[in-house]
Amino acid sequence: MTVKKRTHYCGNLTISNVGEEVILMGWVNRRRDHGGVIFIDLRDREGLAQIVFNPDINPDSHRGAHAIRSEFVLAVRGTVQGRPAGMENPDLKSGAIEVMVTELEILSEAKTPPFVLNEDAEVSETVRLRYRYLDLRRPEIQKNLILRSKIAAETRRYYQENGFIEVETPVLTKSTPEGARDYLVPSRVNPGMFYALPQSPQLFKQLLMISGFDRYYQIVKCFRDEDLRADRQPEFTQIDVEMSFIAEDDIYRITEGLVAHLFRTCLNTKLQIPFPRLSYADAMEMYGRDNPDIRFALELKDLTHIVRNSALKVFSEVASAGGVIKAMKIEDGKSLTRKDLDGLTDYVSTYGAKGLAWARVNPDGWTSPIFKFLTPSEVKDINNRMDAKEGNVIVFLADSPSIVNDALGNLRNHLARKLNLAHPRQYSFTWVNEFPLFEYSDAEKRYVSKHHPFTSPVMEDIPLLSTDPGRVRARAYDLVLNGTEIGGGSIRIHRQDIQSLIFRTLGLGDEEARRKFGFLLEALEYGTPPHGGIALGFDRLVMIMTGVESIRDVIAFPKTQKATCLLTDAPSEVSIEQLMELSLKIV
RNA sequence: GGGGUCGUAGUUAAGAUGGUUAUAACGCCGGCCUGUCACGCCGGAGGCCGUGGGUUCGAGUCCCAUCGACCCCGCCA
């Protein structure tokens with residue numbers, strides 16, 4: 001056989017290659033047999049090229065081409081020629097040319113694939129994941145992973161050029177309390193002992209600052225044994241960053257620079273930096289969530305002061321019980337039918353809301369189930385507060401602050417999707433900061449860190465640690481893109497005494513703190529620079545940059561919602577010998 | 001742990017109120033076809049209706065359980 005070495009990618013051939021003899025290797029995307037001439041679309045990662053088998057030109061190859069089926073792997077030698085006039089295919093990058101085959105070698109035959117993968121045929125995800133290696137042949141998926149690779153490469157380039165050092169941290173490490181459930185790995189040489197897979201390299205990057213690396217980054221796998229969602233996998237990737245001798249602004253600036261660099265180099269999109277900043281309190285007040293999508297307005301307005309003494313009991317009773325009444329104005333209320341409005345009540349019920357009131361604004365009042373319970377002045381005050389005009393719809397929710405914010409904050413996103421208020425190709429970033437340091441856990445009956453226990457409190461709030469921990473603000477910040485938290489970080493505690501104070505507030509005794517984090521507390525005593533950092537959710541960033549809805553579409557071999565792999569069938573049982581070697585017994 | 005949607009040829013789906021042999025499209029196989037590109041035309045094969053139980057003279061269809069996929073709540077410092 002004389003066919004030897006590939007000379008070109010199929011998808012890269014253009015009119016400029018006409019006349020050249022080329023050797024292509026790739027998969028059969030589709031075969032069109034006309035009895036005489038046979039056309040095959042040959043596919044590789046760069047695209048398609050039409051190759052032609054003509055009995056008059058090369059009878060041998062033409063005979064061989066009869067046996068060819070979908071997904072066979074071929075090597076062909078041939079000459080690039082311009083297509084006859086009128087035969088060009090404008091849908092194909094290489095549509096102006098074709099390759100007249102002079103020599104064919106079938107490198108590999110293929111079983112008929114379980115699903116057609118050469119067009120956007122809809123296939124269930126179960127089948128796709130079962131045969132992921134075939135699914136990954138589809139250009140749409142390849143495109144995502146190729147962009148992911150580029151984003152990773154540009155991330156490394158950016159941090160390298162800005163004086164950051166990539167350091168790898170252990171995957172087998174120590175289980176720590178607080179935070180997500182750990183994945184555990186038994187130690188054979190230490191029976192009864194376990195490593196944990198890292199939820200993030202948090203402590204290691206702080207130790208690296210103590211070691212004097214000054215600027216660290218890493219693109220790193222993290223593991224959290226929690227339930228999955230459309231944007232959550234048990235193993236995921238972070239862009240992890242830490243810097244010494246800095247404050248919040250330094251993190252903001254370097255991170256804005258990264259994101260702008262990535263969008264410019266990978267999407268050819270110019271971002272407006274610096275990004276706007278929003279306090280946690282303002283975000284909750286205006287948007288009901290700490291990760292607001294600010295591509296659209298739909299702001300929440302507090303009406304509690306207006307309806308506190310209303311004859312409408314749901315309002316007055318909630319207000320006197322310490323709850324709030326908030327409302328949202330939908331500009332184009334006419335697009336919502338009565339049925340739609342009732343549907344919104346169902347929607348908010350998943351967030352614990354017991355009901356949702358609505359009002360259509362007319363010139364002479366409202367069309368609303370609650371209209372007759374409100375005084376004309378209450379209606380007028382609400383209209384003024386909401387800046388309501390004819391044709392608007394106002395929705396109201398009365399409940400505890402957390403339910404109102406949760407329900408309306410999610411309803412806000414829901415409505416934006418339903419009414420197409422958010423442009424998919426618009427990228428609206430915002431920083432959210434001044435988070436509370438702690439939140440009270442009803443389940444554990446104690447304060448827990450909202451970010452993590454190494455987050456520095458705002459200095460002037462330190463006295464509150466002993467009197468009112470819930471009011472202590474953290475030097476923490478999240479980066480939010482189009483309503484998704486794509487990153488978060490903080491300025492860390494660099495003093496051992498304050499770190500101990502925080503542990504105590506969390507209900508962690510000195511002895512326990514020593515046992516769990518002794519190495520960090522000790523390290524803090526050996527000269528620790530002020531430091532802080534951030535971690536960006538790499539998969540989520542790639543999701544938004546590729547425009548896909550599922551994190552599984554940017555991960556080559558993702559897990560199902562039950563955290564299994566349909567391809568490898570992991571997790572699976574292990575032999576009794578393996579268990580014995582690890583001193584493990586299944587309970 | 002909880003709520004919801006779904007499961008029928010290889011794939012995607014249709015199968016009112018239970019009733020002969022379970023449909024269609026694409027794919028697959030065979031034949032014809034020398035300019036197609038979602039090629040076309042003719043013919044054909046292909047099914048434990050996710051699984052197990054129940055109701056019934058009779059179940060793809062009704063009931064119960066169970067398995068699996070997806071979305072959501074809780075959870076995710």
Side-chain angles (χ1 to χ4, degrees), chain A residues 29-42 48-57 62 69-71 83-92 94-95 98 100 111-131 134 176-182 199-200 202-203 222-234 236 346-353 403 406-407 410 414 435-439 441-444 447-455 474 476 478 485 488-490 502 506 535 537 549-550 552 559-562 564 566:
Chain A
N29 198 60
R30 185 170 244 121
R31 170 171 169 275
R32 292 178 294 278
D33 185 345
H34 287 251
V37 68
I38 295 173
F39 300 100
I40 284 175
D41 293 331
L42 199 64
L48 299 175
Q50 173 164 283
I51 60 177
V52 187
F53 296 85
N54 190 320
D56 303 332
I57 309 269
H62 180 262
R69 292 294 180 272
S70 286
E71 301 307 314
R83 294 199 188 180
M87 298 297 161
E88 299 89 353
N89 184 349
D91 298 331
L92 227 55
S94 65
E98 61 190 10
M100 184 58 72
K111 287 170 69 173
T112 302
F115 53 95
V116 195
L117 45 101
N118 50 18
E119 54 198 68
D120 357 67
E122 282 177 30
V123 190
S124 75
E125 200 164 3
T126 315
V127 179
R128 288 176 52 201
L129 292 180
R130 165 79 181 75
Y131 299 94
L134 297 180
T176 54
E178 308 285 311
R181 204 174 287 117
D182 283 324
Q199 297 174 26
S200 84
Q202 182 59 37
L203 295 176
C222 302
F223 306 85
R224 293 177 192 177
D225 186 4
E226 298 293 346
D227 287 346
L228 289 79
R229 284 286 191 287
D231 62 355
R232 262 161 44 186
Q233 283 272 304
F236 60 100
D346 295 338
Y347 181 82
V348 295
S349 71
T350 64
Y351 300 95
I403 287 181
D406 201 20
N410 282 294
H414 176 74
F435 281 84
L437 188 63
F438 306 108
E439 57 191 347
S441 164
D442 289 326
E444 300 186 51
Y447 283 100
V448 297
S449 295
K450 188 160 178 70
H451 189 53
H452 58 56
F454 319 105
T455 302
D478 279 358
E485 179 203 323
S490 63
I502 297 293
L506 289 169
E549 297 290 327
S550 168
R552 295 181 297 278
K559 306 237 176 343
T560 67
Q561 191 161 54
K562 290 192 101 173
T564 65
L566 297 179

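Owing to the predicted nature of the structure, the values given are computational and were not obtained by experimental measurement. Note on naming: letters A, B, ... go to the chains in the order of the sequence lines (proteins, then strands), and numbering restarts at 1 for each one. Side chains included, hydrogens not; waters and symmetry mates left out as well; all remaining heavy atoms used.
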Closest listed nucleotide, where the reference is the side chain of Arg224(A) and the choices are C37(B), C76(B), G35(B)
C76(B)
Name the nucleic acid region contacted by Glu98(A), choosing base, sugar-phosphate or nothing; use a 4.0 angstrom heavy-atom cut-off, strictly under.
base
Nucleotide of G35(B), C76(B), G74(B) approaching Glu226(A) most closely (side-chain heavy atoms):
C76(B)
Residues Glu439(A), Lys450(A); criterion salt bridge (charged side-chain N to carboxylate O under 4.0 Å, His left out); working and verdict
CA-CA 6 Å; Glu439(A) 57 191 347; Lys450(A) 188 160 178 70; 3.3 Å; yes
NA contact type, Asp91(A), heavy-atom cut-off 4.0 Å: base, sugar-phosphate, or nothing?
nothing
Over all strands shown, is Tyr351(A) touching base, sugar-phosphate only, or nothing at heavy-atom distances under 4.0 angstrom?
sugar-phosphate
Answer with base, sugar-phosphate or nothing: what part of the nucleic acid does Gln561(A) contact at a heavy-atom distance below 4.0 Å?
base
Mind checking if Ser200(A) touches a base, just sugar-phosphate, or nothing, with heavy atoms under 4.0 Å?
base
Heavy atoms from C-beta onward define the side chain here; which of A38(B), C75(B), A69(B) lies closest to that of Asn89(A)?
A38(B)
Of the candidates G27(B), U11(B), U34(B), the side chain of Arg30(A) sits closest to G27(B)
Who is the Watson-Crick or G-U wobble partner of A24(B), with both distances under 3.5 Å?
U12(B)
Taking only side-chain nitrogens and oxygens of Ser124(A), does any of them come within less than 4.0 Å of OP1 or OP2 of U12(B)?
yes
By the Watson-Crick or G-U definition, both distances under 3.5 Å, C62(B) is matched with G54(B)
Just to confirm, is there a sub-4.0 Å distance from OP1 or OP2 of U36(B) to any side-chain nitrogen or oxygen of Arg32(A)?
no
Any donor-acceptor pair under 3.5 Å joining the side chain of Gln50(A) to the base of U36(B)?
yes
Using whole Å, what does the distance between atom P of nucleotide G35(B) and atom CD1 of Ile40(A) come to?
17 Å
Over all strands shown, is Asp225(A) touching base, sugar-phosphate only, or nothing at heavy-atom distances under 4.0 angstrom?
nothing
Of Thr560(A) and Thr112(A), whose closest RNA chain B nucleotide lies nearer the 5' terminus?
Thr112(A)
When you get a sec, tell me which of U12(B), C73(B), G35(B) is the closest nucleotide to the side chain of Met87(A)?
G35(B)
Select base, sugar-phosphate, or nothing to describe what Pro84(A) touches, counting heavy atoms under 4.0 Å on all strands.
base
Using distance alone, with no hydrogens and no angle criterion, decide if Arg232(A) and Gln561(A) have a side-chain donor and acceptor under 3.5 Å apart.
no
Under the 3.5 Å rule, do the base of U34(B) and the side chain of Asp56(A) count as making a donor-acceptor pair?
yes
If you measure from the C1' atom in A22(B) to the same atom in C49(B), how many Å do you get, rounded?
8 Å
Please determine whether salt bridge (charged side-chain N to carboxylate O under 4.0 Å, His left out) holds for the pair Asp227(A) and Arg229(A), giving the CA-CA distance in whole Å, both sets of side-chain angles, and the decisive distance to 0.1 Å.
CA-CA 7 Å; Asp227(A) 287 346; Arg229(A) 284 286 191 287; 5.8 Å; no
For side chain to side chain contact (heavy atoms under 4.5 Å, CB included), just list the numbers for Leu437(A) and Thr455(A), CA-CA rounded to whole Å, side-chain angles, deciding distance to a tenth of an Å, and then say yes or no.
CA-CA 8 Å; Leu437(A) 188 63; Thr455(A) 302; 3.9 Å; yes
Please give, in whole Å, the distance from C37(B) C1' to Asp41(A) CG?
6 Å
What nucleic acid atoms does Pro113(A) come within less than 4.0 Å of, heavy atoms only: base, sugar-phosphate, or nothing?
nothing
Any strand, both distances under 3.5 Å, Watson-Crick or G-U wobble: C33(B) pairs with none
Among G27(B), A69(B), U11(B), which is the nearest nucleotide to the side chain of Val123(A)?
U11(B)
Does Arg552(A) put a side-chain nitrogen or oxygen below 4.0 Å from OP1 or OP2 of C71(B)?
yes
Looking at the side chain of Ala230(A), which of C72(B), G74(B), U34(B) is the nearest nucleotide?
C72(B)
Which whole-number value in Å describes the distance from Asp478(A) CG to C76(B) C1'?
13 Å
Ignoring backbone atoms, establish whether Arg83(A) has a side-chain N or O less than 4.0 Å from OP1 or OP2 of U36(B).
no
Gap between atoms CG and C1', on Leu134(A) and G10(B) respectively (whole Å)
12 Å
Same-atom distance (C1') from U23(B) to A9(B), integer angstrom
11 Å
For His34(A) and C39(B), do the ring centres fall under 5.5 Å apart while the planes stay under 30° apart?
yes
Verify the contact: side-chain N or O of Thr350(A) to OP1 or OP2 of G2(B), cut-off strictly under 4.0 Å; return yes or no.
no
If we take the P atom in both C6(B) and A16(B), what is their distance in whole Å?
15 Å
Please assess Gln202(A) against Phe454(A) for the test side chain to side chain contact (heavy atoms under 4.5 Å, CB included), listing each intermediate value before the final yes or no.
CA-CA 9 Å; Gln202(A) 182 59 37; Phe454(A) 319 105; 3.9 Å; yes
By nearest atom, which of the nucleotides G27(B), G68(B), U12(B) is closest to the Lys562(A) side chain?
G68(B)
Could you say whether the aromatic ring of Phe115(A) and the base of U11(B) stack, counting only centre distances under 5.5 Å and plane angles under 30°?
no
Looking at Arg69(A) and C29(B), is any side-chain donor or acceptor paired with a base atom of the opposite kind under 3.5 Å?
no
